[in-house]
Amino acid sequence: MGAFTDVAYNVVMIFYYIIKAVVVPWIPIKYRSKDISGQIALVTGAGGGIGRLLAIGLSNEGCKVVCWDVAKQANEETVRLIHMSKGQAFAYQVDLSKREEVYQMAQRVKREVGKVSILVNNAGVVSGKVLLDCSDEQIQRTFDVNVLAHFWTVKSFLPDMIMQDMGHIVTVASLAGLTGSDRLVDYCSSKFAAVGFDESLRTELAIDGRKGIKTTVVCPYLVNTPLFAGAKSKFLPALEPEDVAQAAINSILTDEEMCVVPRYISCLMILKRFLPVKAQIASHRALGLGEMMNNFEVAKPKHN
């Protein structure tokens, strides 16, 4: 009887969460946002693009912001912009592909700034080449920055979140983490891994009863940033980084688990599950996605 009751309860909860997911987005954000002022937020890849906008946006919400980036001057410029708006920010030069450097810098942040309660794993790199043209070093770096660094940052800051029973871990992945694309085999593979990282971590925290720690994965379509300079689609216009950053911040404020930008892409992802593989490839061609990377600038691997 106990097992039956448990199953019945969980079935009821499934329908409850489905109804909640449909209804809640219609409620204005100001009525369902949490207060994150005073918290310490760390953003990787904060030197430009979406990372800089996320750092500035979190500062505007009242957070102390720790900015990590391998590009020292660009990172310091982000901090300067935050200071101009009377916010608090701290710049640290970090190469996320080096595990020990991540661990060491995390300890330094704890000593100099405090305990991080909002972690935004945003940094990413892309080569934009067909698989056989990608060097072993480029493939390794793609995985080091786009997904393995998430393990090192989370292992660094999650214990403090558990101690406080409060925290939010944000994984900035990509639509490329939900559907494969040509000339992005290494990038898509790393972003699929990032999406899986978020889902598995969320499940693990929930099963362990860590109700105060939330996770969000952000999956935007092509964004108009230097990371994808020259890339474009014939039918779907590139997103503006300001819109993606704001969507991500709104997801943090509302504890939204998955943020797909634009939202209508979610419907296409559901449809994808029912299409035969060859139909998926045909739809890829029909939308002009196969030509998206034709004018991509491949002089060197790019990062944000």
Side-chain angles (χ1 to χ4, degrees), residues 17 21 43-45 49-51 54 96-97 118-128 131 139-155 157-158 167-207 210 213-223 225 227-228 231 236 239 241 244-245 247-252 254-275 277 280 283-284 289 292 303-304:
Y17 288 127
V43 180
T44 67
I50 296 173
L54 286 169
L96 292 168
S97 67
I118 300 175
L119 171 63
V120 183
N121 281 311
N122 162 77
V125 296
V126 61
S127 56
L131 178 60
I139 294 170
Q140 183 69 56
R141 182 165 178 77
T142 295
F143 277 84
D144 282 342
V145 176
N146 291 5
V147 65
L148 290 178
H150 297 204
F151 285 83
W152 320 143
T153 57
V154 170
K155 288 185 70 176
F157 298 113
L158 180 58
H168 204 128
I169 298 169
V170 182
T171 301
V172 180
S174 169
L175 185 63
L178 301 174
T179 183
S181 182
D182 60 308
R183 291 184 62 180
L184 289 172
V185 173
D186 58 335
Y187 183 79
C188 288
S189 299
S190 69
K191 292 301 185 178
F192 265 83
V195 172
F197 174 85
D198 168 81
E199 183 175 327
S200 300
L201 179 62
R202 181 187 306 117
T203 302
E204 183 168 281
L205 291 170
I207 297 301
R210 309 296 182 186
I213 304 172
K214 310 298 182 181
T215 79
T216 295
V217 62
V218 183
C219 296
Y221 172 63
L222 178 67
V223 186
T225 66
L227 185 70
F228 277 94
L236 303 176
L239 302 170
V244 176
I249 290 173
N250 289 345
S251 293
I252 296 171
T254 59
D255 291 334
E256 183 179 33
E257 292 88 354
M258 190 166 195
C259 173
V260 177
V261 190
R263 286 189 178 276
Y264 67 79
I265 294 290
S266 299
C267 299
L268 297 180
M269 290 301 99
I270 294 173
L271 179 63
K272 175 196 169 187
R273 295 179 179 273
F274 298 95
L275 288 177
V277 173
Q280 292 179 31
S283 63
H284 188 87
L289 300 180
M292 186 173 69
H303 64 85
N304 64 353

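Computed from a predicted structure; not experimentally measured.
- Proximity of Arg210 to Leu158: side-chain heavy atoms (C-beta onward) are nowhere separated by under 4.5 Å.
- Taking Thr153 as the reference, Asn121 meet the side-chain hydrogen bond (donor to acceptor under 3.5 Å, both in side chains) condition, with sequence neighbours excluded.
- Checked against salt bridge (charged side-chain N to carboxylate O under 4.0 Å, His left out), Asp186 has no partners two or more places apart in sequence or in another chain.
- Side chains of Tyr187 and Ser127 form no contact here, defined as non-hydrogen atoms less than 4.5 Å apart.
- A distance of 8.0 Å separates CE in Met258 from CD in Glu199, rounded to the nearest 0.5 Å.
- For Thr254, the side chain to side chain contact (heavy atoms under 4.5 Å, CB included) partners two or more places apart in sequence, or in a different chain, are Ile29, Arg32, Ser33, Glu256.
- For the ring pair (Phe, Tyr, Trp, His ring centres under 6.0 Å) test with Phe197, the passing option among Phe192, Phe151, Phe143 is Phe151; the others fail.
- The shortest heavy-atom contact between Cys259 and Ser251 is CB-OG, 3.2 Å.
- Taking Ala248 as the reference, Leu54, Val218 meet the side chain to side chain contact (heavy atoms under 4.5 Å, CB included) condition, with sequence neighbours excluded.
- Taking 4.5 Å as the limit, every side-chain heavy atom of Thr171 sits out of range of all side-chain heavy atoms of Val195.
- Atom NZ of Lys191 and atom OG1 of Thr142 lie 10.0 Å apart (nearest 0.5 Å).
- The shortest distance between side-chain heavy atoms of Val170 and Val43 does not fall below 4.5 Å.
- Residues passing the side chain to side chain contact (heavy atoms under 4.5 Å, CB included) test with Ser97, sequence neighbours excluded: Asp95, Arg141, Asp144, Val145.
- Rounded to the nearest 0.5 Å, atoms OG1 (Thr216) and CD1 (Ile169) are 10.0 Å apart.
- Listed here is the closest heavy atom pair of Ala247 and Val261: CB-CG2, 3.8 Å.
- Atom CG in Leu119 sits 11.5 Å away from atom CD1 in Ile213 (nearest 0.5 Å).
- In this structure, the separation between OG1 on Thr179 and CG on Leu184 is 11.0 Å, given to the nearest 0.5 Å.
- Legend: residues meeting side chain to side chain contact (heavy atoms under 4.5 Å, CB included) with Ala193, ordered by chain and number and at least two apart, are Val147.
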**Asked** side-chain contact (heavy atoms from CB on, under 4.5 Å) between Ile252 and Lys214: does it pass, once the steps are laid out?
**Response** CA-CA 9 Å; Ile252 296 171; Lys214 310 298 182 181; over 6 Å; no
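- For the atom pair OG1 of Thr215 and CG of Leu205, the computed distance is 7.0 Å after rounding to the nearest 0.5 Å.
- Counting heavy atoms from C-beta outward, Val244 and Thr225 have side chains that stay 4.5 Å or more apart.
- With sequence neighbours left out, Arg202 forms a salt bridge (charged side-chain N to carboxylate O under 4.0 Å, His left out) with Asp198.
- Side-chain contact between Val125 and Asn146 is present, with heavy atoms from C-beta onward closer than 4.5 Å.
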